[in-house]
Participant: 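Structure provided below as structure tokens; questions to follow.
All of these numbers come straight from a predicted model, not from anything done at the bench.
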Amino acid sequence: CTYTRRITLYKLAEQIWATKIAYWHHKDDIITTLFMNINSSKRLKIMLPVNKMRKWDFSIIRPMVYLREDEIIKYCDRNKITPFSWDCPLSKIGERNNIKNILIDLEIKLPWFVDNLFEAYIKKVWIETI
């Protein structure tokens, strides 16, 4: 699902001469993806807040990376905003959902775990890429 959506979006961006594509990845997405990458490819790889695409003539930006998913949900509820629905058939049974649940359990025992890991990783990786 993800690959097909991404390539379709990139081709559309190229057709309309877009210079930026904004994704709505939030802090929880970033950390979940980090753990998925550690588990599946044994690499410390993370989504950057700004990523200049080599093959395409635009950048990916992620303006929501400093917000937690629950903060976004509360904001949408307060302002009567209906979030876009992503109905991938594997979303409830896939690795991302499993990792998400592990992180939820971990934060019960270690409050601020995701925030602290995010801050540590920003200092190490994102600042080095600037």
Side-chain angles (χ1 to χ4, degrees):
C1 297
T2 302
Y3 180 77
T4 304
R5 264 197 329 258
R6 189 171 45 229
I7 294 304
T8 302
L9 183 60
Y10 292 177
K11 287 179 180 178
L12 175 62
E14 189 175 49
Q15 288 173 1
I16 64 171
W17 301 325
T19 59
K20 303 232 181 326
I21 294 176
Y23 284 153
W24 294 101
H25 294 122
H26 45 71
K27 190 182 289 186
D28 298 279
D29 289 329
I30 301 294
I31 297 302
T32 301
T33 301
L34 171 64
F35 275 79
M36 287 174 64
N37 287 332
I38 291 168
N39 188 46
S40 62
S41 64
K42 299 170 188 73
R43 292 176 37 194
L44 288 172
K45 186 178 177 198
I46 197 165
M47 294 182 280
L48 297 171
V50 177
N51 189 11
K52 173 68 177 115
M53 303 302 289
R54 287 182 217 141
K55 183 179 176 182
W56 308 86
D57 195 24
F58 56 80
S59 296
I60 301 294
I61 61 172
R62 294 178 173 91
M64 308 294 265
V65 296
Y66 292 99
L67 298 173
R68 297 293 302 262
E69 183 176 25
D70 63 330
E71 294 174 302
I72 296 167
I73 290 168
K74 287 175 190 170
Y75 178 85
C76 289
D77 288 346
R78 273 195 315 270
N79 292 284
K80 297 179 179 35
I81 298 170
T82 304
F84 176 76
S85 176
W86 178 58
D87 294 325
C88 175
L90 299 176
S91 65
K92 299 292 184 228
I93 61 170
E95 182 186 10
R96 177 168 294 280
N97 197 54
N98 292 337
I99 298 285
K100 234 177 139 174
N101 289 332
I102 290 167
L103 290 170
I104 289 168
D105 291 343
L106 191 55
E107 272 201 303
I108 290 169
K109 295 175 181 142
L110 300 170
W112 307 107
F113 176 79
V114 168
D115 289 317
N116 290 342
L117 180 60
F118 183 84
E119 292 299 319
Y121 210 80
I122 285 174
K123 289 174 184 158
K124 176 70 178 140
V125 176
W126 291 354
I127 292 173
E128 288 178 5
T129 62
I130 297 174

Participant: Kindly write out the residues that satisfy side-chain contact (heavy atoms from CB on, under 4.5 Å) with R43, not counting sequence neighbours, or none if the list is empty.
Facilitator: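 R43 satisfies side-chain contact (heavy atoms from CB on, under 4.5 Å) with S41, K45 once adjacent residues are dropped.
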
Participant: Any side-chain heavy atom of I30 sitting closer than 4.5 Å to one from L34?
Facilitator: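 Answer no - side chains too far apart.
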
Participant: Counting N and O atoms only, with roles assigned by atom type, does the side chain of R68 sit under 3.5 Å from a partner on the main chain of H26, one being a donor and the other an acceptor?
Facilitator: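 Looks like no, no N/O pair under 3.5 Å.
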
Participant: Under 4.5 Å side-chain heavy-atom separation, chaining through any Ile, Leu, Val, Met, Phe, Trp or Tyr, what else clusters with I102? Say none if it is isolated.
Facilitator: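 The other cluster members (ILVMFWY side chains, heavy atoms under 4.5 Å, direct or chained): none.
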
Participant: Heavy-atom distance under 4.5 Å between the side chains of R6 and Y23, does that happen here?
Facilitator: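 Yes, side chains in contact.
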
Participant: Quick one: side-chain contact (heavy atoms from CB on, under 4.5 Å) partners of D105, sequence neighbours excluded?
Facilitator: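 Residues passing side-chain contact (heavy atoms from CB on, under 4.5 Å) with D105: I108.
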
Participant: Quick check: are there more than 12 heavy atoms from other residues, nucleotides or ligands sitting under 6.0 Å from NZ of K52?
Facilitator: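 Counting other residues, nucleotides and ligands, NZ of K52 exceeds 12 neighbours.
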
Participant: Within the 4.5 Å heavy-atom criterion, are L103 and T32 side-chain neighbours or not?
Facilitator: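 Counting from C-beta outward, L103 and T32 do come under 4.5 Å.
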
Participant: If I compare all heavy atoms of F58 with all of I21, which pair ends up nearest, and what's the gap?
Facilitator: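 Scanning both residues completely, I find the closest heavy atoms to be CE1-CD1, 3.5 Å.
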
Participant: Give a yes or no on whether the backbone of Y75 and the side-chain of N79 come within a donor-acceptor separation of less than 3.5 Å.
Facilitator: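 Checked: pair present.
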
Participant: Less than 4.5 Å apart, side chain to side chain, heavy atoms only: is that true for I73 and E69?
Facilitator: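 When only atoms from C-beta onward are counted, E69 and I73 do touch, with a gap below 4.5 Å.
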
Participant: Taking the side chain as C-beta and beyond, is there a heavy-atom pair between Y10 and I60 under 4.5 Å?
Facilitator: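 Result yes, sub-4.5 Å side-chain heavy-atom pair found.
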
Participant: Quick one: are E107 and V114 in side-chain contact, heavy atoms under 4.5 Å?
Facilitator: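 The answer is yes; the side chains approach within 4.5 Å.
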
Participant: Ignoring hydrogens, what is the shortest heavy-atom contact between M64 and W24? Give both atom names and the distance.
Facilitator: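 Scanning both residues, the minimum pair turns out to be CG-CE3, 2.9 Å.
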
Participant: Between L67 and Y121, is there shared hydrophobic-cluster membership here, with clusters defined by ILVMFWY side-chain heavy atoms closer than 4.5 Å?
Facilitator: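 L67 and Y121: separate clusters.
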
Participant: Side chain to side chain contact (heavy atoms under 4.5 Å, CB included) with K11: which of I7, L9, T8?
Facilitator: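 The option that passes is I7.
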
Participant: Side-chain contact test, heavy atoms from C-beta onward, threshold under 4.5 Å: evaluate it for D115 versus K27 and give yes or no.
Facilitator: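 SC-SC contact between D115 and K27 confirmed.
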
